[in-house]
Structures are given as C-alpha cells and as structure tokens.
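Letters A, B, ... mirror the listed sequences (proteins, then strands); counts begin at 1.
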There are 2 protein chains.
Amino acid sequence: MPSATEQKIIDAAVRLFASQGYDATSVQEIVKAAEVTKGALYHYFRSKDDLLFEIYRLLITSQSADMDRIIGLGLSAAETVREILASLVTSTAERVDETAVFVRELHRLGEDRMTDFRAERRRYHETFLAVVEKGQADGEFSSVVPADTVVRIALGVVNQLPMWFRPDGQKTPAQLAGEIADFVLAGLR
Amino acid sequence: MPSATEQKIIDAAVRLFASQGYDATSVQEIVKAAEVTKGALYHYFRSKDDLLFEIYRLLITSQSADMDRIIGLGLSAAETVREILASLVTSTAERVDETAVFVRELHRLGEDRMTDFRAERRRYHETFLAVVEKGQADGEFSSVVPADTVVRIALGVVNQLPMWFRPDGQKTPAQLAGEIADFVLAGLR
DNA sequence: GTCACCCTACCGACCGGTCGGTATGCTCAC
DNA sequence: GTGAGCATACCGACCGGTCGGTAGGGTGAC
C-alpha cells in the first residue's frame, strides 16, 4: 500500500518516462512534476532504477493475475484466447504510459532483475502457448501456422498498442479488443 | 554515398544504441567502438541527434522503396499483402538493430522531424491500407475485421520483431515471413 | 499531564563526475 | 595554398545521489 507521496512520484515518473524516455528524464523533473522534493523521492526509492523497476513490477503483477484468473475459468480454447486478449488489450489501453515505458526501457533492467523478468514472461508466454496448442490438438484450431508464432504475433500487437492507440480516438478499448480477438481467432480457423 | 569513416560511425552507433539505448550511449563510446575520434564524428554529423536521425532515414527510405516496388507489380490483393509482409519481415530480420533503435527511440525526434516522419509513415500506412480495403471491396478478403485494425496488427508485429527474433534461432527469416503472412491472410479469409 | 526520547517523513544545498559539443591546429591530396 | 578530413584539449551545464538537518506525531516513565 503506497503512501500518497509515493503514488504521486510513481505517477509523475510514468508520465515523464513515457513521453521523454527514462534517461532523458532527470530526477529533478520527476520531483518537480510530483510536487515533492528529492529527499522524499530518495526516502521511498533507493535509486532512479528502483523507481523504474517498481513501475514494471506493478504492471507485470497485474497482467499475470489477470491471465491466471481467466485460465481458471475453464473455458474452451477459443473463449480462453478471446478473454486473454480482451483483458490484455483493455488493461493495456487503460495504462498506455506504463506499457510504453515497459516496452521501451526493458533493456535497462540489470542482470538479476532481467533474469527474474524473463522467467515471469516465459511463464506468461508458455501459459498462453499451451492454450493455443491444446486448441490445435483438439482440432478446435487450425495448425497451419505454428502456435508459437501465433502467440508471438498476438502478444506483439499488444506491446505495440501504445504506439498508436489514443484514449480519445474513435474506438473504445473494448471495441478494439473485440476486433483484435476476432482477427487472431480468424487466423486460427 | 557515405565514406568509410562515416559508415563505421553509423555501424557502431546502431550497435550501441540497440544494445544500450540512445541516451545511455555516450559519444565517447561511439567513437571508441568505431575506432575514430570525436573530431571525425562531428565532422560528419552536426550532433548526436543528427546521427540518430540518419539511422532512421536510411531505414525508412529502404522500406518505402520496397513497398513502392511491390505495389508496382500489380499483383492481386492477397499476393500484394503477402509480398509486402514477406519483404518487411525479411528486411527487418536482417536489420534488427536498426529496427530496435527505431522503435525504441522514436520519441526523441524533434518537432520538425517528427512531422516529416509522421507524414511518411502515414503514407506507408495508407498505401498498405488501400490494398487491404480494395481486397475487401472486391470480395477477395473478408470484412469482418476493419481494414485499419488489420494493418495496425500487421505492422505492429513487424515492429516487435526485434524483441524476440534471433538470427541464430531455429527459424529463418523467410520461414518466419511465410508464417506471419499466412496468419494475416488467414485472418482476412 | 507532561516531558524526554525517538522515529518516520521529508527538505534542499551540495558534490564528484560525465556529458555533448567546440575551438584550434595539423596534414596531405590536389 | 587551400580546403577536406581529421586529432586533441578543453568547456560549462547538468546529472544522480548524498547528507546534515528538521517538523511533527507517537509513547512510556513519572
């Protein structure tokens, strides 16, 4: 449970990192935007890197929880794929800044954290892959395109969302989620 | 026609920007890796930003030329989409570093260059879009998923390629290009 | 009740070091 | 001789991080 000050710092950092990039954003800028002081920032975070990592952690945690919940519903392969994509697209659309930072600054993770992260992403990737493969094995999905390529495409699309999705655009996140799910499922027929 | 020195600088910069990011790479590092001096770098490029932009320019120019060439062949919609994707995927696979830098550091473009870039990307996007829309109008493609979403998905996948494609992996660029084209076309049936 | 004692939360001036960029001059092909 | 193609020494701005200090609230001994 983050304090109000901590939350202000994270919010400001996400916004600035998303619009300028991590390195191009100074700690001074963050504290100014968050209306706190440097002392406050370094009271809550051990380093600028730590702050970045906290942003990642919040995002990954929530995405993994979503996926686990959907898998737990025990739906058919097609329905599971649709739900996973819909949940991913809508949650990403709601947090475009976090996702933009995440995608763009991933390489800044240190050795240890990168290892942790890769393990978590691998788990995520393979859970999704298993759903597609099961659908193919059961004959619910076509096997023309290998399952791993399908998963790569599907997750890649979501990561690119921040590049073109605009909250004030014509399509609501839910609409978009539906279209993307339709397209991916069509490719699996 | 860039001189040998100029080329060495660009190559080194691409490699370093791709692995560490633009801001995290100092001009000192670049000249050291390129085995030239700062004087040489600032003889050919007006600023570090200029160097980055030159990398963009080379990539965009070649991609646009590829697309124009394919459109000029006058193939069917399906064949055109397949060729565009195949060409994009293989050329991106051959230049993962450039593409990684491009995707990651886009936001660093200044006002003017960003405007130029958006115009060029818009042109690219709409040329592709026109092909898909024509295919849908002619009944060659399904219209279940709106053309603009299909184009976004297709181009998004390519931009994400550097995140997971490995030149020493199991799949050749050509194989991958085929699979991606298959999947996109399947979604258009 | 109150005062000594702490503790968390926060402040902001300051530091060593690095960065992008420049000024100046050499050298060699033409 | 003169200009393109570099090399080298150097500059001022700014950066992430530190550190001595403070404000204010909780708490337990008396």
Side-chain angles (χ1 to χ4, degrees), chain A residues 1-58 101 104-114, chain B residues 1-57 101-102 104-114:
Chain A
M1 186 66 175
S3 75
T5 301
E6 206 175 340
Q7 194 62 52
K8 277 204 296 183
I9 294 170
I10 290 179
D11 289 347
V14 166
R15 216 175 327 120
L16 289 168
F17 290 167
S19 73
Q20 317 176 0
Y22 173 82
D23 285 301
T25 303
S26 71
V27 173
Q28 285 295 351
E29 281 181 273
I30 298 172
V31 300
K32 189 182 171 193
E35 294 177 299
V36 300
T37 60
K38 244 184 174 183
L41 191 150
Y42 279 95
H43 175 71
Y44 287 106
F45 303 95
R46 291 169 58 206
S47 68
K48 193 186 172 190
D49 261 347
D50 246 57
L51 175 52
L52 178 63
F53 185 68
E54 183 61 15
I55 295 171
Y56 290 171
R57 209 184 52 77
L58 291 171
V101 173
R104 202 189 292 147
E105 314 285 354
L106 237 188
H107 64 287
R108 302 214 102 276
L109 248 53
E111 192 77 33
D112 291 355
R113 282 169 172 174
M114 187 56 108
Chain B
M1 186 65 179
S3 76
T5 301
E6 206 175 341
Q7 194 62 52
K8 278 205 293 183
I9 294 170
I10 290 178
D11 289 347
V14 166
R15 216 173 331 117
L16 289 168
F17 289 167
S19 73
Q20 315 175 3
Y22 174 82
D23 285 300
T25 303
S26 69
V27 173
Q28 285 294 352
E29 281 180 274
I30 298 172
V31 299
K32 189 182 169 192
E35 294 176 299
V36 300
T37 61
K38 246 182 170 184
L41 191 149
Y42 280 94
H43 176 70
Y44 287 107
F45 303 95
R46 293 170 56 206
S47 67
K48 193 186 171 189
D49 263 348
D50 245 57
L51 175 53
L52 179 63
F53 184 68
E54 182 61 15
I55 295 171
Y56 291 171
R57 209 185 52 77
V101 173
F102 182 72
R104 201 189 293 145
E105 315 285 354
L106 237 187
H107 64 289
R108 301 213 104 273
L109 247 53
E111 193 76 34
D112 291 353
R113 284 170 169 173
M114 186 57 106

Specify the separation, in whole Å, of atom [atom1] of [X] and atom [atom2] of [N].
X     : N      : atom1 : atom2 : result
B:I9  : C:dG21 : CD1   : P     : 14 Å
B:L51 : C:dG21 : CG    : P     : 10 Å
B:E6  : D:dC6  : CD    : C1'   : 13 Å
B:Y22 : C:dG20 : OH    : C1'   : 9 Å
A:Y44 : D:dG17 : OH    : P     : 19 Å
B:F45 : D:dC6  : CZ    : P     : 12 Å
A:K32 : D:dC14 : NZ    : C1'   : 15 Å
A:Q28 : D:dG16 : CD    : P     : 8 Å

Among [options], find the nucleotide with the atom closest to the side chain of [X].
X     : options               : result
B:K48 : D:dC6, C:dC11, C:dG20 : C:dG20
B:V27 : C:dC11, C:dG20, D:dC6 : C:dG20
A:S26 : D:dG16, C:dC11, D:dA7 : D:dG16
B:S47 : C:dG21, D:dC6, C:dG20 : C:dG21
B:H43 : D:dA4, C:dG20, C:dC11 : D:dA4

B:E54 with B:R57: basic N within carboxylate O range, under 4.0 Å: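 Yes, B:E54 and B:R57 are salt-bridged.
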Any salt bridge between A:D50 and A:R113, counting N to O under 4.0 Å?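 Looking at A:R113 together with A:D50, the answer is yes, because their closest N to O distance falls below 4.0 Å.
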Could you give me the CA-CA distance, side-chain angles and deciding distance for A:V101 and A:L52, then say whether side chain to side chain contact (heavy atoms under 4.5 Å, CB included) is met? CA-CA 9 Å; A:V101 173; A:L52 178 63; 3.7 Å; yes
Check the phosphate of D:dG5 against B:S3, side-chain N and O only, distance under 4.0 Å to OP1 or OP2. Yes or no?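 Negative; the distance criterion is not met.
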Output the distance between atom CE (A:M114) and atom CG (A:L106), rounded to the nearest 0.5 Å.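 Those atoms lie 5.5 Å apart.
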OH of B:Y44 to OG1 of B:T5: how many Å apart, nearest 0.5 Å?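 Rounded to the nearest 0.5 Å, the OH-OG1 separation comes to 4.5 Å.
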Go along nucleotides 22-30 of chain C 5' to 3' and tag each nucleotide: B for a protein heavy atom under 4.0 Å from its base, S when only backbone or sugar atoms are that close, - otherwise. B--------
If you find the nucleotide of DNA chain D closest to B:T37 and the one closest to A:D23, which residue's nucleotide is nearer the 5' end?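 So the residue in question is B:T37.
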Could you tell me whether B:R108 sits above the aromatic face of B:Y22, with NZ or CZ closer than 6.0 angstrom to the six-membered ring centre and within 45 degrees of the axis?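 So B:R108 doesn't make the cation-pi contact.
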List the steps, then state whether side chain to side chain contact (heavy atoms under 4.5 Å, CB included) holds for A:L51 with A:V27. CA-CA 10 Å; A:L51 175 52; A:V27 173; over 6 Å; no
